[in-house]
Amino acid sequence: MAYDLIVIGSGPGGYVCAIRAAQLGLKTAVVEKDKTFGGTCLNVGCIPSKALLHASELFEEAGHVFAKMGIGVGTPKLDLPAMMKFKDEGVDGNVKGVAFLFKKNKVDSFQGTGRVAAAGKVEVKGADGKTQVLETKNIVIATGSDVARLRGITIDEKRVVSSTGALTLDKVPQKLLVVGAGVIGLELGSVWRRLGAEVTVVEFLDRILPGMDSEVCRQFQRILEKQGVTFKLAAKVTAIDTSGNRLKASVEPAAGGAAETIEADVALVAIGRVPFTDGLGLKEAGVALDNRNRVQVDAHFATNVKGIYAIGDVIAGPMLAHKAEDEGVAVAEILAGQAGHVNYDVIPNVVYTYPEIASVGKSEEELKAAGVAYNTGKFPFTANGRAKVNLQTEGFVKILADAKTDRVLGVHIVGPDAGNMIAEAAVAMEFGAAAEDIARTCHAHPTLTEAVKEAALAVGKRAIHI
Ligand SMILES: Cc1cc2nc3c(=O)[nH]c(=O)nc-3n(C[C@H](O)[C@H](O)[C@H](O)COP(=O)(O)OP(=O)(O)OC[C@H]3O[C@@H](n4cnc5c(N)ncnc54)[C@H](O)[C@@H]3O)c2cc1C
C-alpha cells in the first residue's frame, strides 16, 4: 500500500487537505492536472482578481481622492502591461508557496490528470499521455469548479470572456458588458470601470448579489450606480453577435418580450460556476452525484463508495476558497481518526469591491422565512470618526440578534475594509456571542471596527454616536 491518502486537485480544498493530512502523519500525495498548484483560487480566481482590485482601487484614488488630501500627482497614467505583471508576480509567489509547503510537509505531487480507477486506485495520465496507477487507502476528490456557460454563446476568452479572460485583457475595453450581477461580475466589472471602461451589468433576477441581505444589496447597487455602473435587472442576454467590430448582445426582459441590442467591445459571462468532474471516472467507480452534478457526500465528506471522499466547489455549499479549506482540514482530521467538523452557519462571504460587502450568518429574509424573531442594530459609517476623517463614509454595519436570547444570528457590513472587519463577527458567532458581548468588548479608537460595536449597542437601542 503506497499512500494513506491521495488528493485529486490542488486548489485551496485539496492542498490544505494534503498538508493537514501530512501533519497528522498520513502518507499523502496530490495529483494536479495544471502546471501550477493552487487551483482556481490562486491561478485564475481570488488572488489575481484581488491584485487587480487593489491596483485599480489605488489608481482610482490617485485620480479622484489624493488631491483632496493635499497629494498632487497629476492625472495618473495607466500602464496596463505593468499592472498585469504585478498581478502575475503575485500569483507566481502564491503558487510557489504551495509547492514549498508540499515539500516542507513531505507531500508527494504528481502532475497529470487523475482518474479514480477503482476505490484505492488513482490513475494519473501525464501530458505525454503516459499513465501510472497509484495505490492508496483513501481518495479525496477536490477537483473544484469550472465556468458556467450560456447556451449559444461561445467564450473565446478574447472578446467574449469568462472571469479567466477578464483577468488578462490586453487593453481597457471602451464598453464592457457584464452578464450576471454576482460577486465575480461585480468585482471584475469594478476593476475595468476604474481603469476606464463603461460598464453595463445585465442580471436575470430583479436584484444584484442574489442570496445576500436585500437591504445591503439595494444600498450597494445605488453606490455602484453613483460610481458609473449601469444595471439592467430582470433581463437576459440571449445571443451575442460577434461578426462586426463591436459585439452586439441581444437582451430581453427575463419575463419575455421585445429584445434590445447592447453594443460592447468585450462581454464578460459571469453567471456562476459548475462542479468539475470531467474525466474523473466517477460514473464507472459508482460515485453518486446529486441533481446539480455535485459529488454527493455525507456529513463526514464521504461519498457512497468506501474510501472516496469529496470537498470544496465540487460538493454542495457556497463556492468559496475558505469553505473548501475548512472542509480540507476537516476531512483530513476525520481520516486521521479525529473529529473534523465545519460550522456552515458561520462562513463569511465577502465582495471585494469598493466599498466592500461582507456578511456572515443569516440575512433578514432568511430569518423572516424561518419565523425567527430578531432585533436589528444598525450603525452608519457617516457617524464613525475614522471613516469621516478618511472620507470613506459610505455604508453601514447591521447586526441581527435573536429577540429572546440576544444571540448574534447575522452580521452584514457595507463599507471600507468590511472583509477584514467581518472576522470579528465570525469569531463572536463561533463562540455563540450575544450582541451584548460585542457591545461590551473594548474596540480601539479611532477604528472602523467601532461601527461594529455601535451596531451591537444599537441592538439594545443604546448606540452612543448617533
Ligand atoms: C474570478 C474568481 C474570483 C474568486 N474570488 C474568490 C474570493 O475572493 N474568495 C473566495 O473565497 N473565493 C473566490 N473564488 C472562488 C474560489 O476560487 C473557489 O471557491 C475555490 O478555488 C474552490 O477551491 P477547490 O479546491 O474546491 O477547487 P479549485 O480551486 O477549482 O481547484 C481544483 C483543482 O483541481 C484540479 N483538477 C481538476 N480535475 C482534475 C483531475 N482529474 N486531475 C487532477 N487535477 C484536477 C484543477 O486543475 C484545479 O487545480 C473566486 C473564483 C473566481 C473564478
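All residue numbers refer to positions in the sequence shown, counting from 1. Heavy-atom basis, side chains included; hydrogens, waters and symmetry copies ignored. When a ligand or atom number is given, it counts from 1 through the structure's own listing order.
Within ligand 1, counting atoms from 1 as listed, the ones closer than 4.0 Å to a heavy atom of S145 are 30 (O). For ligand 1 and A142, the ligand atoms under 4.0 Å from any heavy atom of the residue are 32 (C), 33 (C), 34 (O). Remark: ligand 1 atoms within the under-4.0 Å shell around heavy atoms of D313 are 18 (C), 19 (O), 20 (C), 22 (C), 26 (O). For ligand 1 and D34, the ligand atoms under 4.0 Å from any heavy atom of the residue are 47 (O). Within the listing of ligand 1, atoms 37 (C), 38 (N) sit less than 4.0 angstrom from a heavy atom of F276. Within ligand 1, the atoms closer than 4.0 Å to a non-hydrogen atom of T113 are 41 (N), 42 (N), numbered from 1 in the order shown. For ligand 1, the atoms lying closer than 4.0 Å to a non-hydrogen atom of S163 are 1 (C), 53 (C). Residue-ligand proximity, G39 to ligand 1, at heavy-atom distances under 4.0 Å covers atoms 29 (O), 31 (O), 48 (C), 49 (O).
None of N94, T164, T36, D92 except one satisfies the side-chain hydrogen bond (donor to acceptor under 3.5 Å, both in side chains) rule with N43; the exception is T36. Each of E187, E198, E60 was evaluated against R193; a single residue qualifies, E60, per the salt bridge (Lys or Arg N to Asp or Glu O under 4.0 Å) test.
The residue among L42, V30, I184 with a heavy atom at the shortest distance from atom 52 (C) of ligand 1 is I184. Which of G279, G38, C46 comes nearest to atom 6 (C) of ligand 1 through a heavy atom is settled by distance: it is C46. When C41, A310, S162, G45 are ranked by how near their heavy atoms come to atom 17 (O) of ligand 1, first place goes to C41. For atom 25 (O) of ligand 1, the candidate residues are G13, P275, S10; the nearest heavy-atom contact is made by G13.
Ligand 1 has a nitrogen or oxygen under 3.5 angstrom from a nitrogen or oxygen of K50. In terms of polar-atom proximity, V44 is not counted as a contact of ligand 1, lacking any N or O under 3.5 Å from an N or O of the ligand. Looking at ligand 1, you won't find any N or O of Y352 less than 3.5 Å from one of its N or O atoms. Below 3.5 Å of separation, one finds no N or O of G312 facing any N or O of ligand 1. Residue L280 has no nitrogen or oxygen atom sitting less than 3.5 Å from a nitrogen or oxygen atom of ligand 1, judged on distance alone. At a 3.5 angstrom cut-off on N or O pairs, A321 counts as close to ligand 1. Residue-to-ligand polar distances keep E187 apart from ligand 1: every N/O pair is separated by 3.5 Å or more.
D265 places a side-chain N or O within donor-acceptor distance of the main-chain N or O of K175, the cut-off being under 3.5 Å. Between the side chain of E327 and the backbone N or O of G312, at least one donor-acceptor pair lies under 3.5 Å. Between the side chain of D213 and the backbone N or O of E364, at least one donor-acceptor pair lies under 3.5 Å. A donor-acceptor contact shorter than 3.5 Å is absent between the side chain of R207 and the backbone of C217. Within the 3.5 Å criterion, the main-chain N or O of P275 finds no donor-acceptor partner in the side chain of R292. Remark: side-chain polar atoms of D4 are paired, donor with acceptor, to backbone N or O of K27 under 3.5 angstrom. For E157 (side chain) and S162 (main-chain N/O), a donor-acceptor pair under 3.5 Å exists by modelled atom type. Here the side chain of T143 pairs no donor or acceptor atom with the backbone of I141 at under 3.5 angstrom. Here the side chain of E450 pairs a donor or acceptor atom with the backbone of T447 at under 3.5 angstrom. Side chain of N304 to backbone of G286: a donor-acceptor contact under 3.5 angstrom is found.
Atom 27 (O) of ligand 1 has G144 CA, 3.1 Å as its closest protein atom, hydrogens excluded (heavy atom only). Among all protein heavy atoms, the one lying closest to atom 31 (O) of ligand 1 is G11 CA, 3.4 Å. The nearest protein atom to atom 29 (O) of ligand 1, hydrogens excluded, is given as T40 N, 2.9 Å; this is a heavy-atom distance. Nearest non-hydrogen protein atom to atom 39 (C) of ligand 1 is T143 CG2, 3.6 Å. Protein heavy atom closest to atom 42 (N) of ligand 1, with residue, atom name and distance, is G114 N, 2.7 Å. Distance from atom 44 (N) of ligand 1 to its nearest protein heavy atom, with residue and atom name: K33 N, 3.1 Å. Looking only at heavy atoms of the protein, atom 34 (O) of ligand 1 is closest to G9 CA, 3.2 Å. In this structure, atom 46 (C) of ligand 1 lies nearest to the protein heavy atom E32 OE2, 3.5 Å.
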Does the pair Y309 and I139 meet the rule for a side chain to side chain contact (heavy atoms under 4.5 Å, CB included), with working shown? CA-CA 6 Å; Y309 299 77; I139 298 170; over 6 Å; no
Derivation of the side chain to side chain contact (heavy atoms under 4.5 Å, CB included) call for Q392 and F381: CA-CA 8 Å; Q392 296 183 314; F381 283 105; over 6 Å; no
Please lay out, stage by stage, how R222 and Q219 fare under the test side-chain hydrogen bond (donor to acceptor under 3.5 Å, both in side chains). CA-CA 5 Å; R222 279 196 296 273; Q219 170 139 2; 4.6 Å; no
Could you check I311 against C17 for side chain to side chain contact (heavy atoms under 4.5 Å, CB included), going step by step and ending with a plain yes or no? CA-CA 9 Å; I311 55 168; C17 174; 4.1 Å; yes
Could you walk me through whether F276 and V314 pass the side chain to side chain contact (heavy atoms under 4.5 Å, CB included) test, one step at a time? CA-CA 6 Å; F276 185 80; V314 80; 5.7 Å; no
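At least one heavy atom of G112 lies less than 4.0 angstrom from ligand 1. The closest approach between any non-hydrogen atom of R273 and ligand 1 is below 4.0 Å. The closest approach between a heavy atom of P12 and any atom of ligand 1 is below 4.0 Å.
Contact annotation: the side chain of T168 approaches that of K87 to within less than 4.5 Å [non-hydrogen atoms, C-beta and beyond].
The side chain of I8, and not its backbone, has at least one atom closer than 4.0 Å to an atom of ligand 1 (non-hydrogen atoms only; side chain from C-beta on).
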